[in-house]
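To start, the structure itself, in C-alpha cells.
Side chains are part of it too, since the values below use all heavy atoms of this structure and drop only hydrogens, waters and symmetry mates. In this chain, numbering begins with 1 at the start of the sequence shown.
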Amino acid sequence: MSKENRQNHVVLFTNSSILTRMVWALPRTSSPSCIAPSYKPDSGWIKMSAEWLIDWSCLLNGLRDLIAGCIQAVRDCNSFALTTVICLLMLFAWYCYRVGKDQPRSPFATVNLLIQSSEAKGLQNGFAYCHSRECVRCTHNDGLNQKLYHNLQEYAKRYSWSGMGRIHKGIREQGRYLNNRPSIQKPEVFFLPDLPTMPYFPRDAQKHDVELLEQNFATILSEFEAIYKAFSNCSLPQGWKVNSTPSGEWFTFYLVNQGVTIPSNCKKCPRTYRLLGNLRTFIGNNVFGNACISVLTPGTVITEHYGPTNIRIRCHLGLRIPGNCELVVGGEPQCWAEGHCLLFDDSFLHTAFHEGSAEEGPRVIFMVDLWHPNVAAAERQALDSIFAPGR
C-alpha cells in the first residue's frame, strides 16, 4: 500500500472513531426504543466498521483511477487510426448509395420513388391529395357551402333564379346530403339532389358522344402509342402523372385536368384534343371535368374510392384491354372492351384492377367526364359558373 493510501486510511479511521464517539454521546432517554444507558459498545464491532470504511475508500479510489485512465487513453488515441476508421465508414456509405442507385428498374419507375413529397402527404381513399387552394376536391374548406351559395347568388343576380331550385336546395343542405348518404354513394364535394342514381349508365345516356368517341378509336390509340414510347428511357416522361396505389403502377396523361387545359399535353395529342371540342356533353369549364389517358400496369389495384360529385358520368373508351382487368362500381363488376365506351357514375364506391401477366402489357383507356343526362342546360351553365376553376 502506498504512503498516500496509508495516510487516507488513517484519516478515515480517525474520522470513523470521532463519528462513533459522537453517536454514543447523544442524549439518552428512558424510552424502551432507545439504547439503555448502561450499554457499552463492543470494540470488535467498531473495528469491523472501520475496516468496512477502509475497503469502501479503496473501491472509490480504484474507480477514480479507472476513469482517469480512460480519459488519458482517449487523449493518447492515435489520430491517424481514428481518421482511417472515419474514411472507411464514409466509403462504405458511398458504396451502399451507388449500389442502390444503379439497380436496374423497369420502364415504369417505382411509384414511391416518383411521387413528390407534396403529393405523398394527406393520402385518403388511395389518392395523394394536393392540398392546393385551387383544388376543390382536395381542399375541404369549412366555409365551402357559404362560398358556393355566394357564387350562386352572383350568378342568379346576373342571369336568373329560374331553374336554380335544385342547385339552391343542394347547396343549402349540402352537409346533410354528404353526411347522410348511404356508403355505396358518397360524393366528396357536391351532391345535386333528385338525380336518378345507378352505378352504370346505358350507352344511350349520351349516345352522340359515345358514338363519336368510338368512331375515333384508332385516332386516339395512335396518339397514345406515340407518347407511350417515351417510357422507353426508364423515367417518367414529361406530362405524365403518377397516382398512388397499394400495388402496381397507375399513370395518367391529362389533356384537361379539373377544368384546366394542359397546353403542352394537348400539343402531343392534337387530334384527340380537337375531338373533345366536338363532344356535346363534355365537362370542360368546371373543376369536375377531366379528359386523360389512364394506364394500369399488370398487378395494379386502385383503392376503392368515391368521385367528387354526382353531376357527371365518367366515360371510359377502351384502347388496350388485356385479360383479367375489371372495373367494379357499387359492387357490380364490368369489363372494358377495346373500341367501346363504358359509362358509370363515379360518385359510387368504385375500384379497378389489372391482374393480367406482364406479357399482356398495360390496360389503357381514354377517360372523359360527361354531364349527367338529367342535369338541365340552365343548371349546367350555373354549375360551370359556381365551380369555375380558380373560384
Side-chain angles (χ1 to χ4, degrees), residues 104-111 113-115 203 209-245 247-257 260-279 282 284 289-302 314-327 334-344 352-370:
R105 292 183 293 179
S106 65
F108 300 101
T110 305
V111 173
L113 298 178
L114 293 175
I115 297 179
R203 293 165 47 85
D209 290 349
V210 166
E211 292 179 349
L212 188 60
L213 287 168
E214 293 178 349
Q215 291 168 6
N216 288 271
F217 160 73
T219 298
I220 301 172
L221 178 61
S222 65
E223 291 192 333
F224 157 72
E225 290 175 342
I227 61 174
Y228 187 68
K229 293 178 181 177
F231 273 99
S232 60
N233 63 2
C234 299
S235 63
L236 185 68
Q238 185 178 7
W240 287 88
K241 178 183 177 183
V242 181
N243 303 278
S244 58
T245 57
S247 63
E249 294 164 335
W250 174 22
F251 303 94
T252 46
F253 186 85
Y254 279 92
L255 303 182
V256 179
N257 184 18
V260 178
T261 301
I262 313 298
S264 58
N265 288 359
C266 293
K267 290 179 181 178
K268 298 177 182 178
C269 301
R271 291 178 293 175
T272 302
Y273 176 64
R274 285 196 295 269
L275 175 63
L276 294 177
N278 295 326
L279 299 178
F282 171 58
N290 302 274
C292 72
I293 296 172
S294 175
V295 177
L296 294 185
T297 62
T300 300
V301 176
I302 299 177
R314 180 151 282 186
C315 175
H316 283 184
L317 172 65
L319 299 181
R320 285 186 183 175
I321 310 298
N324 297 317
C325 295
E326 203 166 68
L327 172 69
Q334 289 279 356
C335 295
W336 299 277
E338 293 183 359
H340 296 276
C341 290
L342 183 62
L343 304 180
F344 65 98
F353 54 86
H354 179 0
E355 295 181 341
S357 62
E359 292 74 19
E360 293 179 289
R363 182 237 61 175
V364 186
I365 56 98
F366 181 58
M367 184 193 78
V368 183
D369 288 324
L370 307 176

> Residues in salt bridge (Lys or Arg N to Asp or Glu O under 4.0 Å) with Arg274, at least two apart?
Replying inline: none

>> So which atom in Ser264 and which in Lys268 form the shortest heavy-atom distance, rounded to 0.1 Å?
In response: O-CG, 3.6 Å

>> If the condition is side chain to side chain contact (heavy atoms under 4.5 Å, CB included), which residues does Pro263 pass it with, not counting sequence neighbours?
In response: none

>> Test side-chain contact (heavy atoms from CB on, under 4.5 Å) on Leu212 and Leu275; report intermediate values, then the result.
In response: CA-CA 8 Å; Leu212 188 60; Leu275 175 63; 3.6 Å; yes

> Does some side-chain heavy atom of Leu221 sit less than 4.5 Å from a side-chain heavy atom of Val364?
Replying inline: no

>> Do Leu296 and Cys325 have side chains that approach each other closer than 4.5 Å (heavy atoms only, starting at C-beta)?
In response: no

> Does any non-hydrogen side-chain atom of Phe224 lie less than 4.5 Å from one of Val295?
Replying inline: yes

> Any side-chain heavy atom of Ile227 within less than 4.5 Å of one from Ile293?
Replying inline: yes

> Going from OG on Ser294 to CZ on Phe253, what distance comes out if it is rounded to the nearest 0.5 angstrom?
Replying inline: 13.0 Å

>> I need the Leu213 CG to Leu279 CG distance, nearest 0.5 Å.
In response: 5.0 Å

> If every non-hydrogen atom of Thr300 is compared with every non-hydrogen atom of Thr297, which pair is closest and at what distance?
Replying inline: OG1-O, 2.7 Å

>> Applying side chain to side chain contact (heavy atoms under 4.5 Å, CB included), can you list everything that pairs with Glu360, at least two apart in sequence or on another chain?
In response: Pro322, Ser357

>> Just to verify, what does Trp240 make a side chain to side chain donor-acceptor pair (under 3.5 Å) with, not counting sequence neighbours?
In response: none

> For Glu214, which residues count as a side chain to side chain donor-acceptor pair (under 3.5 Å) partner, sequence neighbours excluded?
Replying inline: Arg203

> Which heavy-atom pair separates Asp209 from Asn278 by the least distance, and what is that distance?
Replying inline: OD1-O, 4.5 Å

Which pairs would a plain distance check flag for residues 337-344, meaning a side-chain donor or acceptor within less than 3.5 Å of a matching protein atom at least two apart in sequence or in another chain?
residue, atom, partner, partner atom, Å
Glu338, OE2, Ile321, N, 3.0

> For the atom pair CD1 (Ile365) and SG (Cys292), what is the distance rounded to the nearest 0.5 Å?
Replying inline: 6.0 Å

> Looking at Tyr228 and Pro362, what are the two nearest heavy atoms and their distance?
Replying inline: OH-CG, 3.3 Å

> Considering residues at least two apart in sequence or located in another chain, which fulfil the side chain to side chain contact (heavy atoms under 4.5 Å, CB included) criterion with Pro298?
Replying inline: His354

> Sequence neighbours excluded, which residues qualify as salt bridge (Lys or Arg N to Asp or Glu O under 4.0 Å) partners of Glu225?
Replying inline: Arg320

> Considering residues at least two apart in sequence or located in another chain, which fulfil the side chain to side chain donor-acceptor pair (under 3.5 Å) criterion with Ser247?
Replying inline: none

> With sequence neighbours excluded, what pairs up with Thr252 under the side chain to side chain donor-acceptor pair (under 3.5 Å) test?
Replying inline: Asn243

>> Which heavy atom of Lys241 sits nearest to which heavy atom of Tyr254, and what is that distance?
In response: CD-CE1, 4.3 Å

>> List the residues meeting side chain to side chain contact (heavy atoms under 4.5 Å, CB included) with Asp369, not counting sequence neighbours, and say none if there are none.
In response: Asn290, Arg312, Arg314

> Is Tyr273 atom OH crowded by more than 12 heavy atoms from other residues, nucleotides or ligands, each under 6.0 Å away?
Replying inline: no

>> Do Phe353 and Ile302 make a side-chain contact, defined as non-hydrogen atoms from C-beta onward lying under 4.5 Å apart?
In response: no

>> To check you understand the geometry: which heavy-atom pair defines the closest contact between Phe217 and Leu317, and what is its length?
In response: CA-CD2, 4.4 Å

